[in-house]
Amino acid sequence: MKILTCVKYVPDAGDEVGFDSDLRLGRTGPSSKLSELDEYAVEQALRLKATMDDATVTVLSVGPADAEVALRKALQMGADEAVLISDGAIAGSDVFGTAAVLIAAAKHLDEVGLVMCGMSSTDAGVGALPALLADALGWPLLSNAAEVSVEDGQARIVRTDEVGTRVVTAAPPAVVSVTDQSGEPRYPSFKDVLAAKKKSVTTLGLAEVGVSADLVGAGAARVQVTAVVRNPERAAGRVIVDVDGSSVDDIVEFLAAATK
Amino acid sequence: MKLLLFVVAIAVTVAVAVTLAAVALFVRGALTLYRRIAAGAPSPGRLGPVGPRLGAMITEILSHRRFSARPLVRVAHWVVMVSFILLVPTLAIAYVQVLAPDAELPLVGGWVVWQWLLELFSVGGLLAIVTLFVVRLRHRSDPDDAAAARDWRSRFFGSTRWQAYFVEAVIAVVLVCVLVMHTLRSAALARYPETAADGGWAHYPLTFWAGQLFWNLSPAALDAGISTAAALKIITSMIWLGVVGYATTMSVAWHRFLGVVNVYARRERDGRPALGAATPMLVDGKPFDIRDIDDLDEDATFGIGSIDEFGWKGLLDFASCTECGRCQDLCPAWNTGKPLSPKLVTLALRDQAAGGAHTGDVFAALRSSGVQPAGAAEAGLVPTVINPDALWACTTCGACTDQCPVDIEHVDHLINLRRHEVMVKSDFPEEFGSLYGNLDTKGNPWGLPPRQRFDWAKGLEFEVPVLGVDVTSAAEVDYVLWVGCSGAYDEKGKKTTRAFAELLHLAGVRFAVLGEAETCCGDSARRTGNEATYQGLAVQNIETMAEFGVTKVVASCAHCLNTVGREYAQLGASYTVEHHTQVLNRLIREGRLNPVAPPEEERVAITYHDPCYLGRHNGETSAPRELLAAVAAAPVVEMEHHGTQSMCCGAGGGRMWAEESLGTRINAARMDEAVATGAATVATACPFCSIMLGDAAAGRDAAPAVTDVAHLVLAGVKRGLDNPTQPKTED
């Protein structure tokens with residue numbers, strides 16, 4: 001079974017992010033890398049593989065040629081092969097355009113049993129991609145997993161939310177998205193880094209996976225960014241210094257105002 | 001008379017029999033050890049050049065300078081060592097004396113100088129061995145109770161007690177035999193007028209007086225006494241030889257031979273301990289270089305994961321351990337209740353090389369520090385032989401290696417073990433995962449944007465020129481100021497960098513920085529075993545500095561000082577790197593900076609915490625003290641541990657980035673020592689130390705202020721500028 005893991009090459013969230021004049025993320029400013037949330041998906045895919053007899057992990061990305069950096073990182077972590085769908089026509093795509101390419105790629109590749117994703121990207125942060133993939137493929141979606149396993153031919157996840165903990169199962173093929181609670185991604189050993197140098201990244205264009213250029217790119221985008229506004233700087237908090245209990249009233253007043 | 005002959009006959013028979021058995025056992029043991037050590041991986045460059053190595057070996061052994069922290073033990077051990085050497089020929093002649101009690105050594109026998117030497121070192125050796133025995137008793141420990149309460153106050157905890165007592169007892173018995181033989185021989189000669197001169201005090205300066213007690217014994221009785229003592233001396237010596245030959249892991253005894261070779265094969269030929277630069281990582285016997293990554297063999301392995309991957313010098317280290325525990329005694333991890341003892345690591349590896357069996361004392365101590373010793377020789381070292389908690393507790397402070405009298409290279413061994421864990425197994429404390437990620441992608445441990453690296457200079461009243469922006473070549477300046485990650489990103493560190501830059505500016509020193517082009521020196525990566533990340537950073541820095549022709553560097557971080565100054569040379573780059581305290585000290589001596597002490601009523605006592613990578617690793621303990629004395633108009637108040645015997649702040653070896661959940665906190669223990677001096681200020685000279693001690697001070701009610709030396713110097717210089725009429729502290 002092939003575990004297809006979708007990863008995104010994103011601007012480093014810890015760096016200062018700039019925007020181009022058309023309000024798209026500036027690709028030239030900050031350094032870019034494999035999205036941290038997608039590292040969790042790669043990690044879970046690798047852990048699943050270790051529990052299965054005949055599984056392989058393929059990482060898949062849609063992005064510019066530089067996105068090979070993100071795929072290389074996943075290969076160092078232990079993924080078996082990497083596919084990059086890169087095409088000038090894709091630039092400016094929204095989540096629907098990206099999903100269309102990924103869906104086509106998933107169909108193009110053989111024996112995909114599970115599609116794994118991070119819970120969201122760290123740049124645009126839409127978080128809808130796993131659901132779009134599952135819908136279009138007609139596969140069950142096991143979303144926001146904190147634990148993933150495959151037992152007796154069933155994919156099984158544990159999801160914890162404000163209501164409680166749910167255990168959800170589905171028969172593959174299925175789409176699984178994992179959260180940042182699923183387990184820390186590994187730091188590749190140098191042996192793994194060396195081994196990854198021998199692995200190659202397959203780059204395909206739109207035509208090769210059979211996606212019409214009309215479906216992707218800025219022209220086809222259904223999501224329009226109309227403004228980008230910087231968050232106001234966080235104001236300094238108020239410090240109440242108290243040694244003898246005289247400021248109890250101040251604290252009560254503050255709490256009352258805050259909870260009103 | 002018949003009885004006497006019978007005694008002699010028995011003595012001869014036993015002596016010969018015991019000797020044959022003992023020599024056979026010893027030869028077998030020596031061959032076993034030779035094969036065990038020679039089976040190690042290559043240790044390139046450790047056998048030659050013969051001349052300088054012999055010179056350094058003889059100097060170190062004769063001076064006993066590694067013992068400088070323990071003057072009494074130094075003298076006692078030196079005397080015992082010399083008497084052992086002197087007594088070897090007397091053991092040879094003892095075989096003759098069993099039959100012919102009046103036999104003398106050829107050439108030197110009966111020579112006054114030789115006889116005085118023998119007498120002095122026999123009595124001295126006896127006193128010395130009793131002294132060492134008492135020292136051992138005073139540091140008692142009971143490994144049998146170890147599981148319940150580990151006694152880390154004793155440096156002998158975990159040392160095999162019977163072996164040490166046995167060795168000491170043998171020395172005492174042999175020396176008593178020698179003195180008895182001398183006493184009786186003196187009596188035999190001195191009682192007859194024709195030989196009186198040869199048996200007088202001039203020849204037997206100490207035993208002559210006791211010999212008078214035996215003047216009325218018959219010559220035959222005296223001869224029988226000498227024969228018996230000679231036989232006893234032989235038998236005792238041979239029992240020692242046999243036991244030692246049988247027990248190849250009895251390194252407290254083997255150190256007499258192996259320790260000498262180990263000192264000869266030491267890492268640093270100039271006599272320094274194996275500190276400063278970490279040992280290069282060898283791959284197939286050659287130093288690893290990330291720039292040749294494409295030439296690496298597919299099956300290449302990194303670091304040390306099993307006992308047979310140690311170089312022969314490592315195996316010789318383990319076999320030479322005297323179990324004296326001086327390493328353990330000063331280890332900051334051990335002294336704060338962590339499972340790491342450099343001695344126990346050494347003994348565990350020694351026994352592993354020999355097949356895995358421990359003595360009861362070693363076993364009990366290892367078990368109490370969390371290891372479940374496994375006999376399987378093919379097992380990986382971590383976690384079966386070395387407890388991962390012990391491996392990762394090391395701060396690489398170097399106190400162990402600095403103290404070791406036989407030049408065991410503990411720090412290098414632990415770094416090599418870590419390399420295997422990180423680079424082959426990817427198995428390390430979780431915190432290091434984000435450290436490595438940050439270093440790989442951002443070039444600093446905090447993961448802050450590289451473009452903020454030069455923010456520390458914002459708001460300064462003078463320009464700090466950046467190489468490649470404001471100046472084109474390092475030849476235009478006196479120094480390149482190496483800022484370092486702490487100096488660029490940490491709030492405290494930034495303040496220190498600003499203070500030092502201001503001092504350079506005030507002194508009229510021309511300097512420039514690398515600005516955003518500088519990246520982490522790689523110390524934390526290297527010392528946690530991530531040689532690949534370290535070399536990636538180092539190569540980047542080396543290329544940047546080559547671009548601007550950098551040769552002279554000044555750093556305010558002791559780790560940067562060590563890494564850029566000593567370790568980049570392993571990658572083919574060479575710079576003169578000085579520490580900011582050294583440069584400041586020189587600027588004051590040249591009169592370019594004139595600090596003024598505070599008025600008397602404002603003066604406070606200052607204590608100084610030696611950063612390990614400045615003091616022990618780079619031998620600089622005086623410059624910061626001279627600076628402080630100049631600024632405060634008084635010498636610093638010393639803590640219990642200071643200078644080369646200083647105690648780590650807890651941040652070295654990458655521990656800066658890891659939680660400290662075992663035992664008590666090292667920085668708190670160090671702060672206890674600072675508080676005990678009564679000083680109001682703890683000065684230090686490394687940003688890691690400032691952070692660690694600052695945290696420790698923040699955690700207690702009344703604590704001294706923690707500050708970098710640079711701040712105190714700047715305050716003094718500003719006092720001088722504000723009030724130039726005050727007398728200078730310099731004459």
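The sequence lines fix the lettering, A, B, ..., with proteins before strands; numbering per chain opens at 1. Computed over heavy atoms, backbone and side chain alike; hydrogens, waters and symmetry mates excluded.
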Ring centres under 6.0 angstrom apart ([X], [Y]):
{"X": "B:F302", "Y": "B:H420", "answer": "no"}
{"X": "A:F190", "Y": "B:F288", "answer": "yes"}
{"X": "B:F432", "Y": "B:W392", "answer": "yes"}
{"X": "B:Y436", "Y": "B:F428", "answer": "yes"}

Review point. Non-hydrogen atoms of chain B under 4.5 Å away: do they reach the side chain of A:P188, the backbone, both or neither?
Key: backbone

Option that, when pairs with chain A are counted at under 4.5 Å, heavy atom only, ranks first among [options]:
{"options": "B:S434, B:P450, B:A300", "answer": "B:A300"}
{"options": "B:E531, B:K442, B:Q452", "answer": "B:K442"}
{"options": "B:T441, B:L296, B:I293", "answer": "B:I293"}

Point to revise | Closest non-hydrogen atom pair between A:R159 and A:N144, with its separation | key: CG-O, 3.3 Å

By a 4.5 Å heavy-atom criterion (distance strictly below it), what part of [X] contacts chain A: side chain, backbone, both, or neither?
{"X": "B:E430", "answer": "side chain"}
{"X": "B:N530", "answer": "side chain"}
{"X": "B:N438", "answer": "neither"}
{"X": "B:L435", "answer": "neither"}

Review point. Under 3.5 Å, is there a donor-acceptor pair between the A:Y9 and A:E68 side chains?
Key: no

